[in-house]
Amino acid sequence: MIEWLVDNGARVGGLAGLHAVLALSSTFIGLVAALAGGMLVARSPRISGVTLALSGILFTIPSLTLFIFIPILFGTRILDPINIVIALSIYAFALIFGGVVEALRSVPLETRQAAEAMGIGRLRLLCTVELPLAIPVIGATLRVAAVSNVSLVSVGALIGVGGLGDLFTEGFQRSYLVPIVWGIICTVLLALIVDVVIVRAERMATPWVKAGERR
């Protein structure tokens, strides 16, 4: 086990780096799209209901199906890593969008009214009051999306671009368990690291939550 990792350390490191780039870039794109979409529809119950339903449908599409059809829809090459990024961005958006909408809706009406009474405009209210208060809920859905993307990147190995998923296909093709085990270990470690980073970032962005817990 250890000897295999020592012999293949450089390759595993490269695959882990590619895996992280694919997962994190798609999660970031999905987050930006979800924030933009959520801020637009959060105040419109009819529109938000429809968009929430559509985002839920998006997440039910099998990942392998997306990986196959994206080159057809966007004209990319079948082995282009951008296919993975586009597909996982869709999944990240589908997961985070609902959290953004519900988080913005949950901001107390009294808080909005107090800010408006102080002369704070709509855009400033959204950016300086509503979004900061919504961070804990958004952060929770972001963690789910990020960890899910770390897992789903491995599926891309079936079309030749899967980061650590390449270790799974190699192990199955050779009937050799060691690379599969290390692929699982590295994927889990990467997911844990991503989750911890998001939690730390969320705590840094919401210092008042920790202060409230102390009191």
Which atom of Leu95 lies closest to which atom of Ser148, heavy atoms considered:
CD1-OG, 4.1 Å

Least distance between heavy atoms, Gly38 atom then Leu104 atom:
O-CD1, 3.9 Å

Can you confirm whether more than 12 heavy atoms, excluding those of Arg11, are under 6.0 Å from its CZ atom?
yes

Starting at CG of Leu190, measure out to CD1 of Ile185 and round the result to the nearest 0.5 Å.
13.5 Å

What's the spacing between Ile61 CD1 and Ile90 CD1 if we round to 0.5 Å?
7.0 Å

Determine whether a donor-acceptor pair (N or O, by modelled atom type, separation under 3.5 Å) exists between the side chain of Asn8 and the backbone of Trp4.
yes

Is there side-chain contact between Val194 and Arg143, with heavy atoms separated by less than 4.5 Å?
no

Can you confirm whether Ile57 sits close enough to Thr60 that some side-chain heavy atom of one is under 4.5 Å from a side-chain heavy atom of the other?
yes

Taking the side chain as C-beta and beyond, is there a heavy-atom pair between Leu18 and Val153 under 4.5 Å?
no

Report yes if some heavy atom in the side chain of Pro136 is under 4.5 Å from a heavy atom in the side chain of Glu202; otherwise report no.
yes

Could you walk me through whether Val129 and Arg124 pass side chain to side chain contact (heavy atoms under 4.5 Å, CB included), step by step?
CA-CA 8 Å; Val129 178; Arg124 185 182 172 193; over 6 Å; no

Which residues pass the side chain to side chain contact (heavy atoms under 4.5 Å, CB included) test with Ile29, not counting sequence neighbours?
Val85, Ser89

What distance separates Ile120 CD1 from Leu125 CG, expressed to the nearest 0.5 Å?
6.5 Å

To the nearest 0.5 Å, tell me how far Leu22 CG sits from Leu152 CG.
12.0 Å

In short, Gly30 meets Ala92 closest at the heavy-atom pair CA-CB, 3.9 Å

Any side-chain to backbone donor/acceptor pair from His19 onto Thr187? Under 3.5 Å, distance only.
no

Any chain of hydrophobic side-chain contacts (each under 4.5 Å) joining Leu189 to Val178?
yes

Phe74, Phe67: one ILVMFWY side-chain cluster at the under-4.5 Å cut-off?
yes

Is there a chain of hydrophobic side chains (I, L, V, M, F, W, Y, each step under 4.5 Å between heavy atoms) that links Ile2 to Leu15?
yes

Kindly indicate whether the side chain of Glu170, heavy atoms from C-beta on, has any atom under 4.5 Å from the side chain of Leu167.
yes

Out of curiosity, Ile82 CD1 to Arg77 CZ, how far, rounded to the nearest 0.5 Å?
11.0 Å

Single-linkage hydrophobic cluster, 4.5 Å side-chain cutoff, Val144 and Phe28 together
no

Check for me, please, whether Leu54 and Val100 land in the same ILVMFWY cluster - side-chain distances under 4.5 Å, paths through other members count.
no

Under the 3.5 angstrom rule, does the side chain of Asn83 hit a backbone N or O of Asp80 as a donor-acceptor pair?
yes

Side-chain touch Ile138/Leu35, heavy atoms, less than 4.5 angstrom:
yes

I need the minimum non-hydrogen distance between Ala146 and Ile198, along with the two atoms involved.
CB-CD1, 3.6 Å

For a quick test of reading the model, state the closest non-hydrogen atom pair linking Ile184 to Phe168 and the distance between them.
N-CE2, 3.3 Å

Which residues share a salt bridge (Lys or Arg N to Asp or Glu O under 4.0 Å) with Glu102, sequence neighbours left out
Arg105

Is there side-chain contact between Tyr91 and Leu88, with heavy atoms separated by less than 4.5 Å?
yes

Contact summary for Asn149 and Ser26, nearest pair of heavy atoms:
ND2-OG, 3.3 Å

What is the distance from atom CG of Leu58 to atom CZ of Phe97, rounded to the nearest 0.5 Å?
10.5 Å

